[in-house]
Asks: 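I'd like to ask you about the structure that follows.
Residue numbers start from 1 in every chain, and the chains themselves are labelled A, B, ... in the order their sequence lines are given, proteins ahead of strands.
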2 protein chains.
Amino acid sequence: MREVAARAGVSIKTVSNVVNHYQFVSDATRDKVEDAIHDLGYVVNASARTLRTGHTGIIALVIPDLQIPYFAQLSSLVIEEGKRLSLHVIVEPTLYSREGEIQALHGSQISMLDGIIFSPLELSGDDVDQLDIDVPLVLIGERIFTDNVDHIATENVEGAKRATTYLFQTGCRRIAVLGVHPGEDVGSAALRFRGYREALEEMGLAFDPKLVAPADRWHRIDGVNAMNLLLDQGVEMDGVVALNDMLASGASHAIQMRGLAVPGDISIIGFDNSEDSQYLSPALTTIAPGLEAVARLSMRVLKDRIDGNHPLDEPDGRPIFRKVSSSLVVRASTKPPTHAAGQLC
Amino acid sequence: MREVAARAGVSIKTVSNVVNHYQFVSDATRDKVEDAIHDLGYVVNASARTLRTGHTGIIALVIPDLQIPYFAQLSSLVIEEGKRLSLHVIVEPTLYSREGEIQALHGSQISMLDGIIFSPLELSGDDVDQLDIDVPLVLIGERIFTDNVDHIATENVEGAKRATTYLFQTGCRRIAVLGVHPGEDVGSAALRFRGYREALEEMGLAFDPKLVAPADRWHRIDGVNAMNLLLDQGVEMDGVVALNDMLASGASHAIQMRGLAVPGDISIIGFDNSEDSQYLSPALTTIAPGLEAVARLSMRVLKDRIDGNHPLDEPDGRPIFRKVSSSLVVRASTKPPTHAAGQLC
DNA sequence: TTGTAGGCGTTATCAA
DNA sequence: TTGATAACGCCTACAA
């Protein structure tokens with residue numbers, strides 16, 4: 001910067017003004033400085049600026065696993081939105097480790113972060129104190145409930161309810177559910193499971209524990225295993241609500257491996273509308289959670305907090321809670337709604 | 001830091017020494033300082049350290065698209081390896097834009113980067129000057145060839161050759177190829193296509209342009225489209241080499257939509273061994289490119305360059321060129337090798 | 001509209 | 001083994 005100033009015959013401060021688009025700089029001076037900058041290939045030193053301003057322009061996106069399409073897509077959208085707001089994104093997969101999540105919030109790297117977007121998986125309601133950190137924090141998804149933190153939620157209960165209801169409308173009466181986390185009460189699994197149960201109740205179907213297949217993780221292999229377990233037990237069913245698309249994909253695979261047809265013998269509905277879901281055979285009917293909105297909203301709230309503004313132009317600065325609405329995507333893994341069923345609802 | 005020093009009754013420098021594990025610090029002093037650090041909840045300021053040392057501890061991973069499982073997996077592995085080497089990773093998807101790739105290498109953010117791992121897609125051999133940047137750069141994949149940059153390559157030609165040969169060994173004689181980029185000569189598409197042609201030649205099969213289906217991008221939908229094009233044209237074939245797994249998945253879908261069987265009527269082999277590939281129906285036979293090795297090697301080379309060491313303990317400091325070897329993963333989308341064919345090879 | 005002085009929190013140098 | 005002091009490059013205040 002000093003060199004630039006010398007070459008342009010002005011002071012360092014003037015160079016700074018030009019670089020920061022300060023408006024009261026004469027055109028002549030500005031041109032001189034810009035030429036010098038160009039000639040010397042000067043770029044501002046981000047660290048020095050950071051040291052002075054206290055902002056790094058970097059945020060962390062803390063997620064369970066980048067290899068899950070849901071999170072890959074979310075990351076992609078968050079990075080994109082970050083670009084729009086001039087924020088760089090460090091993606092931190094915690095790989096299903098409680099320790100990893102705590103490290104991500106409290107590790108030494110937070111001193112280089114302007115904020116964190118956190119999708120908790122292992123931390124639960126008891127860990128609210130872990131969320132008390134020095135930089136702005138926005139929660140996405142579900143699992144931890146506290147009124148003190150900005151939170152962009154997805155419609156888990158409503159989405160699963162809709163999925164289950166739709167199966168009913170297509171004529172299914174013995175509907176299994178895949179991927180439940182027994183004992184959990186605030187995570188995506190618990191909420192989606194709750195939606196399933198609420199739908200059964202509304203449809204007047206009895207809840208049958210035999211139709212419930214737990215799965216700790218939600219990879220495709222877990223869907224294969226859970227489905228095989230049900231089939232091995234000879235459980236009678238004509239529909240499956242998988243708590244995410246990968247489970248659904250695995251289940252579809254397992255069913256077809258037995259020579260059964262989807263949706264002929266068993267219908268399947270997933271959750272997430274991952275990019276793959278449309279290319280499975282048969283293409284998967286699923287619930288789209290509105291990830292674009294999650295990415296956009298969470299990023300904007302964080303940016304507002306970083307800048308010290310009230311988030312989303314709310315009149316007061318209290319923690320935001322927004323629920324992004326989901327939608328049903330009908331494809332080929334379910335039968336068409338029956339007339340009779342339609343009337344029933 | 002000043003507060004810590006005051007509380008521990010030592011100088012700032014001593015605190016610095018403790019923080020940086022400088023070895024000549026008495027145990028008593030060290031304990032005092034560590035207590036003070038703990039009591040005050042002090043964390044080092046990354047920006048200040050960066051300003052002083054010139055290192056940020058951040059690198060960028062520049063890739064075309066995070067939503068492609070291949071790159072999601074690669075990113076995951078690179079981030080993991082980065083953690084091991086204390087380097088944070090900013091993932092920068094360029095979204096198939098030449099401008100995006102140039103920006104990633106020359107944008108203002110490089111002043112906050114210690115290095116870049118770059119998987120080029122749009123930049124070609126003519127753009128070698130674009131690779132001349134101020135921070136260490138490691139190329140991965142293919143596409144740009146220059147001896148002046150460290151490069152971790154994958155076995156594109158050999159892998160595709162192996163795939164094609166394997167189809168031949170299972171009895172296929174009319175083998176189509178999906179995802180070719182006409183006019184390209186150094187990208188993954190060109191190299192894999194070259195492997196396909198080399199295999200045909202070795203097997204004594206004639207090359208038939210009718211069996212070549214181009215596809216600019218390699219998403220599943222492109223596989224569906226490319227395959228449908230071939231099928232619509234009534235092209236006779238008994239095997240398909242898809243230049244990646246997503247194309248293969250799309251092709252498999254398209255074939256089965258027509259009521260044809262995989263591999264009964266048409267065998268399919270993919271490339272990349274993405275996590276999904278094993279859960280398709282039928283499970284996909286594919287080529288595993290050894291991504292773990294790519295991630296590990298590229299990260300280590302970069303780290304060595306950042307630290308000013310010769311990469312990978314090579315005696316001299318010349319640019320590294322390493323090729324990671326690939327392997328064949330046999331699943332259910334291909335028939336078993338025939339005895340006769342086996343003899344032929 | 002432009003210039004000068006000071007300090008952000010570290011680490012490096014050198015002296016004690 | 002420890003301490004004082006000077007940078008690192010930039011931005012804010014204030015003065016000119």
Side-chain angles (χ1 to χ4, degrees), chain A residues 1-37 40-58 86 88 108-114 134-135 306-308, chain B residues 1-37 40-58 86 88 108-114 134-135 306-308:
Chain A
M1 195 157 181
R2 206 175 13 231
E3 290 176 39
V4 173
R7 186 181 241 268
V10 297
S11 81
I12 291 178
K13 170 61 188 161
T14 304
V15 177
S16 172
N17 282 340
V18 171
V19 168
N20 294 291
H21 307 104
Y22 183 65
Q23 57 181 143
F24 301 114
V25 179
S26 71
D27 290 349
T29 309
R30 183 187 307 279
D31 288 348
K32 261 191 311 186
V33 173
E34 281 174 347
D35 285 351
I37 286 176
L40 274 59
Y42 163 84
V43 284
V44 295
N45 178 314
S47 325
R49 172 178 285 176
T50 290
L51 180 59
R52 199 63 180 80
T53 63
H55 289 307
T56 61
I58 304 174
S86 300
H88 293 272
S108 58
Q109 75 282 5
I110 61 150
S111 79
M112 68 155 118
L113 297 177
D114 282 353
D134 288 339
V135 296
I306 292 170
D307 294 345
Chain B
M1 194 157 183
R2 202 171 22 227
E3 291 176 37
V4 173
R7 184 179 242 269
V10 298
S11 80
I12 291 179
K13 172 60 188 163
T14 304
V15 178
S16 173
N17 284 340
V18 171
V19 167
N20 293 292
H21 306 105
Y22 183 64
Q23 57 181 142
F24 301 114
V25 179
S26 72
D27 289 350
T29 310
R30 185 186 304 279
D31 287 349
K32 262 191 310 186
V33 172
E34 282 175 346
D35 285 351
I37 286 176
L40 274 60
Y42 162 84
V43 284
V44 294
N45 178 315
S47 321
R49 171 178 287 174
T50 291
L51 178 59
R52 197 61 181 83
T53 62
H55 290 308
T56 61
I58 305 173
S86 299
H88 292 273
S108 57
Q109 76 281 6
I110 61 149
S111 80
M112 67 155 119
L113 297 177
D114 281 353
D134 288 338
V135 296
I306 291 170
D307 294 345

Asks: Side chain of A:V25 only, please: which of C:dG6, C:dT4, C:dT2 is the nearest?
Replies: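 The nucleotide sitting nearest to the side chain is C:dT2.
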
Asks: Please report, rounded to the nearest Å, how far the C1' atom of D:dT2 is from the CG atom of B:N17.
Replies: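 So the two atoms are 8 Å apart, to the nearest Å.
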
Asks: Nearest whole Å is fine: how far is D:dG9 P from A:H55 NE2?
Replies: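 So the two atoms are 23 Å apart, to the nearest Å.
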
Asks: Report yes if at least one side-chain N or O of B:T14 is closer than 4.0 Å to OP1 or OP2 of D:dT2; otherwise report no.
Replies: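 Checking B:T14 against D:dT2: no side-chain N or O falls below 4.0 Å of OP1 or OP2.
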
Asks: So, is A:S16 close to the D:dC11 phosphate, meaning a side-chain N or O under 4.0 Å from OP1 or OP2?
Replies: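 Yes.
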
Asks: How close or far is atom P of D:dA7 from atom CZ of A:R2, stated in whole angstroms?
Replies: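 My rounded result for the distance is 10 Å.
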
Asks: Does the side chain of B:H88 reach to within under 4.5 Å of the side chain of A:I58, using non-hydrogen atoms?
Replies: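 Side-chain contact under 4.5 Å: no.
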
Asks: Apply side-chain hydrogen bond (donor to acceptor under 3.5 Å, both in side chains) to residues A:N45 and B:S111 and explain how you reach the verdict.
Replies: CA-CA 6 Å; A:N45 178 314; B:S111 80; 5.6 Å; no

Asks: Using heavy-atom distances to pick each residue's nearest nucleotide on DNA chain D, tell me which of A:V44 and B:T29 is more 5'.
Replies: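 The residue mapped nearer the 5' terminus is B:T29.
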
Asks: Could you note down all residue pairs passing salt bridge (charged side-chain N to carboxylate O under 4.0 Å, His left out) where residues 9-18 of chain B supplies at least one of them, sequence neighbours left out?
Replies: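 Non-adjacent pairs meeting salt bridge (charged side-chain N to carboxylate O under 4.0 Å, His left out): zero.
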
Asks: Testing the basics here: between B:S47 and A:T50, what is the closest heavy-atom pair and its distance to 0.1 Å?
Replies: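 What the structure gives for the nearest pair is OG-CG2, 2.8 Å.
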
Asks: Side chain of B:S11 only, heavy atoms from C-beta on: which candidate in D:dG9, D:dA4, C:dT11 is closest?
Replies: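 Per side-chain heavy atoms of B:S11, the pick is D:dA4.
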
Asks: Without decimals, in angstroms, what is the distance between A:K32 NZ and C:dT2 P?
Replies: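 For the pair A:K32 NZ and C:dT2 P, the rounded distance is 8 Å.
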
Asks: In this structure, how many angstroms lie between the C1' atom of D:dC10 and the CD atom of A:E3, rounded?
Replies: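 Rounded to whole Å, this separation is 15 Å.
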
Asks: Between the base of C:dT11 and the side chain of B:R52, is there a donor and acceptor pair under 3.5 angstrom?
Replies: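 Counting by modelled atom types and ignoring angles, a donor-acceptor contact under 3.5 Å is found here.
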
Asks: Return the value, rounded to whole Å, for the distance between atom CD1 of B:I37 and atom P of C:dT10.
Replies: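 Result: 10 Å.
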
Asks: When you get a sec, tell me which of D:dG9, D:dC10, C:dA12 is the closest nucleotide to the side chain of B:K13?
Replies: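 The closest nucleotide is C:dA12.
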
Asks: Regarding A:V4, tell me which of base, sugar-phosphate or nothing describes its non-hydrogen contacts under 4.0 Å with the strands shown.
Replies: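 Counting heavy atoms under 4.0 Å across all strands, no contact is made by A:V4.
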
Asks: Take atom CG of B:N20 and atom C1' of C:dG9, then tell me their distance rounded to the nearest Å.
Replies: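 The distance from CG of B:N20 to C1' of C:dG9 comes to 12 Å, rounded to the nearest Å.
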
Asks: Donor-acceptor pairs under 3.5 angstrom involving side-chain atoms of residues 20-31 of chain A: please list them, not counting sequence neighbours.
Replies:
| from | atom 1 | to | atom 2 | distance (Å) |
| --- | --- | --- | --- | --- |
| A:N20 | OD1 | A:R49 | NH2 | 3.2 |
| A:N20 | ND2 | A:S16 | O | 2.8 |
| A:N20 | ND2 | A:S16 | OG | 3.4 |
| A:S26 | OG | A:T29 | N | 3.3 |
| A:S26 | OG | A:T29 | OG1 | 2.5 |

Asks: Can you tell me how far CG of B:L51 sits from CG of A:L51, rounded to the nearest 0.5 angstrom?
Replies: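 It comes to 5.5 Å.
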
Asks: Dot-bracket notation for DNA chain D is requested: 5' to 3', Watson-Crick or G-U wobble pairs only, both distances under 3.5 Å, with ( ), [ ], | and . as defined.
Replies: ||||||||||||||||

Asks: Tell me which nucleotide among D:dC8, D:dC10, C:dT10 gets nearest to the side chain of B:M1.
Replies: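 Of the options given, the side chain of B:M1 lies nearest C:dT10.
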
Asks: Tell me the closest heavy-atom pair linking A:K32 and A:A8, and the distance in Å.
Replies: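 The answer is CD-O, 3.6 Å.
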
Asks: If you compare every side-chain N and O of B:S26 against the phosphate oxygens of D:dT2 (OP1, OP2), does one of them come in below 4.0 Å?
Replies: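 Checking D:dT2 against B:S26, a side-chain N or O does come within under 4.0 Å of OP1 or OP2.
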
Asks: Taking for each residue the nucleotide of DNA chain D with the nearest heavy atom, is it B:Y22 or B:L51 whose nucleotide lies nearer the 5' end?
Replies: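 Final value for this comparison: B:Y22.
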
Asks: Separation of A:H21 atom NE2 from C:dT1 atom C1', in whole Å?
Replies: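 That distance rounds to 18 Å.
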
Asks: What nucleic acid atoms does B:V10 come within less than 4.0 Å of, heavy atoms only: base, sugar-phosphate, or nothing?
Replies: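 Counting heavy atoms under 4.0 Å across all strands, the contact made by B:V10 is with sugar-phosphate only.
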
Asks: A quick test of your reading: do over 12 heavy atoms of other residues, nucleotides or ligands sit less than 6.0 Å from CG of B:D134?
Replies: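 Counting neighbours around CG of B:D134, 12 or fewer heavy atoms of other residues, nucleotides or ligands fall under 6.0 Å, so no.
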
